[in-house]
Number of protein chains: 2
Amino acid sequence: MPHTKAKPVVNTRIQARNKELILEAALDVFSASGFRGATVDQIAAKAEMSKPNLLYYFRRKEDIYVALLEHTLSDWLEPLRELDPAGDPLTELARYISAKMQMSEANPKASRLFANEILHGAPMIEKFLKGPLRQLVAEKSQVIQSWIAAGKLAPVDPYHLIFAIWAVTQHYADFSVQVDAVLGRREDPKAAQKAVLEILLRGLQVKQP
Amino acid sequence: MPHTKAKPVVNTRIQARNKELILEAALDVFSASGFRGATVDQIAAKAEMSKPNLLYYFRRKEDIYVALLEHTLSDWLEPLRELDPAGDPLTELARYISAKMQMSEANPKASRLFANEILHGAPMIEKFLKGPLRQLVAEKSQVIQSWIAAGKLAPVDPYHLIFAIWAVTQHYADFSVQVDAVLGRREDPKAAQKAVLEILLRGLQVKQP
DNA sequence: ATAATTCTTGATCAAACGGTCAAGGGCAGC
DNA sequence: GCTGCCCTTGACCGTTTGATCAAGAATTAT
């Protein structure tokens, strides 16, 4: 039997470490340049590794990209998952919005990675969008709907409310260049969070009789 | 004197027509694949033109991209420009939001073109962002502020309100793949517009004493 | 009509890029 | 310390891609 492209069978510490280094470097490069704009050489350079060595761990450029997306997809849903049907609606929504704003601030690169992927038709995560994401949003829309039915929240289309929350919170990560240019300075995360909470939540309070 | 790269001196009908064809094709390709992902061959094919002929009108790929951005940048500001200080605040904002929603629906490709450019650091339109855009937003923020001071609008940070309007309205163009996947169908523009107006405006009404 | 200019393209080039190969270095288990 | 597998890399390959060139076709001006 010829020596055809031996791949590691077990998972060593070196593998774990190097894969992590590669994914870290890849997030930098892919989020800055997109899938097509990024080059394997750039990622290898940033991971301080030769290109063939990088391709020893991920055979194809696409494999790095997919691994990177999968590596962060479930984290992305976590805040929404935590929306508690038993909690106070405005408190729960405020917590969700705050969590999303903090994610945008803490990890803008991941946000831009997703934004770029979706912007270009989401070829790699179509199943995620139509599966787990759709499922979760349907579930949480139900929760919001029940709050409205119970008179604890002003009537609003739950789906579009969730879209609005996503749009506004991720805007600060994805379009930070524009935000900073318009403000003429680095945007202040605390001030942005406060403003966003007001804008999105004030209209949702039920009027007291 | 050698025959160095003769370029047309006058503007003929053929030039106007072909440049238009090229920009139209380029919008398709750039908005779908980004600057780096788009190829000159793709644009030439879509414009039904040989590659050298396309490069006769635009010497470099980047020139097409820049021309395309400039060609649509001023249109982009128009709805905001029309925000009338003398009008009723809620009516004016509703008109602005509706106009932006209609732009997202009518021309999602242009929206994605800008989104992609900004997402990748806006290397080509930095001056536009820090110049005309910043200037206009400052001016209109002043208008909103004066409405608030006059007690005609609930207090809100004008800059972040404008960001929120941009974010939400453009979301339906830029992330339409995700919106459709989550809804499980093509999103209905009328329903989206109604929902967005409610979400963004309800919290801005001043409470009647 | 004819000359001048604009328009068009097949062929080609050089650089960039994703990916392969063969060979050597290094580490674990015996 | 020897054996076998894992790890690493310089050199290389085929393709893609942005851009050029030279030469001919079409259009315009006189």
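Throughout, protein chains are lettered first and strands after them, A, B, ... in sequence-line order, and every chain is numbered starting at 1.
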OP1 or OP2 of [N] sitting under 4.0 Å from any side-chain N/O of [X]?
X	N	value
Tyr57(A)	dT8(D)	yes
Asn18(B)	dT8(C)	yes
Asn53(A)	dC7(D)	no
Tyr56(B)	dT8(C)	no
Gln15(B)	dT6(C)	no

Report the nucleotide, chosen from [options], that has the shortest atom-to-atom distance to any side-chain atom of [X].
X	options	value
Arg13(B)	dT9(D), dT28(D), dG10(C)	dT28(D)
Thr39(A)	dC17(C), dC21(D), dG19(C)	dC17(C)
Asp41(A)	dG18(C), dA11(D), dT9(C)	dG18(C)
Leu55(B)	dG18(C), dT20(D), dC7(D)	dT20(D)
Lys61(A)	dA11(D), dG18(C), dG10(C)	dG18(C)

Side-chain ion pair, [X] and [Y], N-O less than 4.0 Å:
X	Y	result
Lys51(A)	Asp41(A)	yes
Lys109(B)	Asp28(B)	yes
Arg17(B)	Glu20(B)	no

Any base atoms under 4.0 Å from Arg36(B), or only sugar-phosphate, or nothing? Heavy atoms, all strands.
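Here Arg36(B) touches the backbone only, sparing every base.
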For Ala44(B), report the nucleic acid contact type (base, sugar-phosphate, nothing); a contact means any heavy atom under 4.0 Å.
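No contact.
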For [X] and [N], give me the distance from atom [atom1] to atom [atom2], rounded to whole Å.
X	N	atom1	atom2	answer
Arg60(A)	dG19(C)	CZ	P	7 Å
Leu54(A)	dC6(D)	CG	P	19 Å
Arg59(A)	dC7(D)	CZ	P	14 Å
Phe58(A)	dT8(D)	CZ	P	13 Å
Gln42(A)	dG18(C)	CD	C1'	13 Å
Lys19(A)	dC6(D)	NZ	C1'	14 Å
Ile14(A)	dG25(C)	CD1	P	17 Å
Phe30(B)	dT17(D)	CZ	P	13 Å

Side chains of Gln193(A) and Ser98(A), donor plus acceptor under 3.5 Å:
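Yes, a side-chain donor-acceptor pair sits under 3.5 Å.
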With nearest nucleotides of DNA chain D determined for Ser50(A) and Lys51(B) from heavy-atom distances, which residue corresponds to the more 5′ nucleotide?
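Between the two, 5'-proximity favours Ser50(A).
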What distance do Arg36(A) atom CZ and Tyr65(A) atom OH have between them, rounded to the nearest 0.5 Å?
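With rounding to 0.5 Å, CZ (Arg36(A)) is 12.5 Å from OH (Tyr65(A)).
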What is the distance from atom CD1 of Ile165(A) to atom CD of Gln170(A), rounded to the nearest 0.5 Å?
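If I round to the nearest 0.5 Å, the distance is 11.0 Å.
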